[in-house]
Amino acid sequence: MERALRNRLTYGPLMLGALIGLLVLDNYIEVHTRGMFASLDGRGIKGSGLLVILLAIAPPAVVELARLFAAVQVRPYRLIASMGCSMLILHAFALQFPQFGKISTSTLALILVFVMFSAALRRARLKQAQQAIHHMAGTVLATLYVGVQAWFLMALRVKQSNHFSGTMLSLLMILLVVKSTDIGAFFGGRALGRHKLIPWLSPGKTWEGLVCGVITSAIVGASFARWMPGLMWWKGAIFGLVIGGIGQAGDLLESLMKRDADMKDSGSSIPGFGGVLDVIDSPLLASPFAYILFSLF
C-alpha cells in the first residue's frame, strides 16, 4: 500500500505536469494562429495539444483493452483498432474547418466501415473463417470504446456551439470534476464507508464514498462555473453532479471488464495507477455526456 501510494505521488504530478504543458501548448497555438486562416473567421487552430495527447494514449489503451478481451477469447486486431481510433480523433479535430463540415458525416461513417471491413479482410487473408465474428466484433468494439469517446473530447474542444464550449476551460472543468469525484469518494469512503456499493464488482467502493464523491464534484463544478462565461453556479453544480456520477460509472464499467477477464489492472505501464486505461476510463466515458450538457447549457 505504501509503495503504491508513493508511486501515485511520484507519477501523478509528472502526468499532471505533462498534461498541463500540452494544454498550454494547445492554447499557445490557438492564440498565435488567429487570423492566419480566412476560413476560420479569425479563430485560431484549436486542439493541437489535445490531439497529441489523444493520439499518444489511444494505441496503448487499445492494446490494454485487447488484452482484457483476449482473456475471454475475443481478439481484436490491435493495429486496425488503433488506426480507427486515430482516424476518429483526427476527424473530430478537422471539424473546426468549415470545408471539412461538408463531408464530416459521410467520413465518420466511412471510418467505422473501414474498421469493420479491414478486420474482415485481415481474417480472410489468413484463409480462416473460425472466430471471424470474434475478431471483427472485438475490433469494432475496441474502436468504439476508445475512439468514439475520444472523439467527443476532441469535438468538445474544437466546436463552438455556444459562448463557452470550444474553450480550454471546458476540458479543464471535465478533468477537475471527474478527478475530484475520485478524491472525494476515496476519502469519504475511508472515513464513512459502511455499505458496499457493488460488492461483487468493486468491493472497495461504498455508497457513502459515492455520495461524498458526487457532492465534492458538485462543489467543484459550482466553484469552477465562475470562470466559465455565461455558466451559472447552479448549472455548474448540476454539471459536476452528473459528470462526477458518470465518471464513477466509467470506472465501474472498466471494473466489469477486468472482473470478466480476471485481471486487477488493465496494464502496468504507469506505476501506482495500473495501465493507461485505468487512468482515462472515467474522463473518456464522461466526455459524451459533458458534450451534451455543454450544448444544453
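Along the sequence shown, the residues carry numbers beginning at 1.
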Under the side chain to side chain contact (heavy atoms under 4.5 Å, CB included) criterion, do Gln248 and Asp182 qualify, and how do the steps go?
CA-CA 8 Å; Gln248 291 297 292; Asp182 292 338; 2.8 Å; yes
Quick check: does any side chain N or O of [X] sit under 3.5 Å from a backbone N or O of [Y], one acting as donor and the other as acceptor?
| X | Y | value |
| --- | --- | --- |
| Asp251 | Ser282 | no |
| Ser217 | Gly240 | yes |
| Glu208 | Gly188 | no |
| Ser118 | Phe114 | yes |
| Thr206 | Lys196 | no |
| Gln149 | Leu285 | yes |
| His135 | Pro76 | no |
| Ser104 | Leu95 | no |

Identify the two heavy atoms, one from [X] and one from [Y], that lie closest to each other, and give their separation to 0.1 Å.
| X | Y | answer |
| --- | --- | --- |
| Ile243 | Ala290 | CD1-N, 3.6 Å |
| Leu192 | Cys212 | CD1-SG, 3.9 Å |
| Val178 | Ala286 | CG2-CB, 4.0 Å |
| Met257 | Leu68 | CB-CD1, 4.3 Å |
| Glu30 | Lys46 | OE2-CE, 3.5 Å |
| Ala81 | Val62 | CB-CG1, 3.7 Å |

Within the structure provided, determine whether [X] and [Y] are in side-chain contact (heavy-atom separation under 4.5 Å).
| X | Y | result |
| --- | --- | --- |
| Thr143 | Leu88 | yes |
| Tyr77 | Arg123 | yes |
| Leu153 | Tyr291 | no |
| Leu156 | Ser287 | no |
| Met116 | Leu112 | no |
| Met136 | Arg122 | no |
| Arg157 | Asp26 | yes |
| Phe224 | Leu172 | yes |

Nearest 0.5 Å please: distance from the [atom1] atom of [X] over to the [atom2] atom of [Y].
| X | Y | atom1 | atom2 | value |
| --- | --- | --- | --- | --- |
| Ser223 | Trp233 | OG | CH2 | 10.5 Å |
| Leu51 | Leu25 | CG | CG | 11.0 Å |
| Ile103 | Leu108 | CD1 | CG | 11.5 Å |
| Ser255 | Trp200 | OG | CH2 | 10.0 Å |
| Ser180 | Ile219 | OG | CD1 | 9.0 Å |
| Leu110 | Met87 | CG | CE | 8.0 Å |

Decide side chain to side chain contact (heavy atoms under 4.5 Å, CB included) for Leu197 and Ser202; before the verdict, give the C-alpha distance in whole Å, the side-chain angles of both, and the deciding distance to 0.1 Å.
CA-CA 8 Å; Leu197 181 61; Ser202 185; over 6 Å; no
Note: Glu64-Lys258 ion pair, threshold 4.0 Å (strictly below):
no
Does the pair Phe93 and Leu54 meet the rule for a side chain to side chain contact (heavy atoms under 4.5 Å, CB included), with working shown?
CA-CA 11 Å; Phe93 178 76; Leu54 293 179; over 6 Å; no
With sequence neighbours excluded, what pairs up with Phe100 under the ring pair (Phe, Tyr, Trp, His ring centres under 6.0 Å) test?
His91
Contacts of Phe289 that satisfy ring pair (Phe, Tyr, Trp, His ring centres under 6.0 Å) - sequence neighbours left out
none
Just do the side chain to side chain contact (heavy atoms under 4.5 Å, CB included) check on Leu277 and Tyr145 with the steps written out, would you?
CA-CA 11 Å; Leu277 206 59; Tyr145 187 86; 4.1 Å; yes
Excluding sequence neighbours, so at least two apart, what forms salt bridge (Lys or Arg N to Asp or Glu O under 4.0 Å) with Lys235?
none
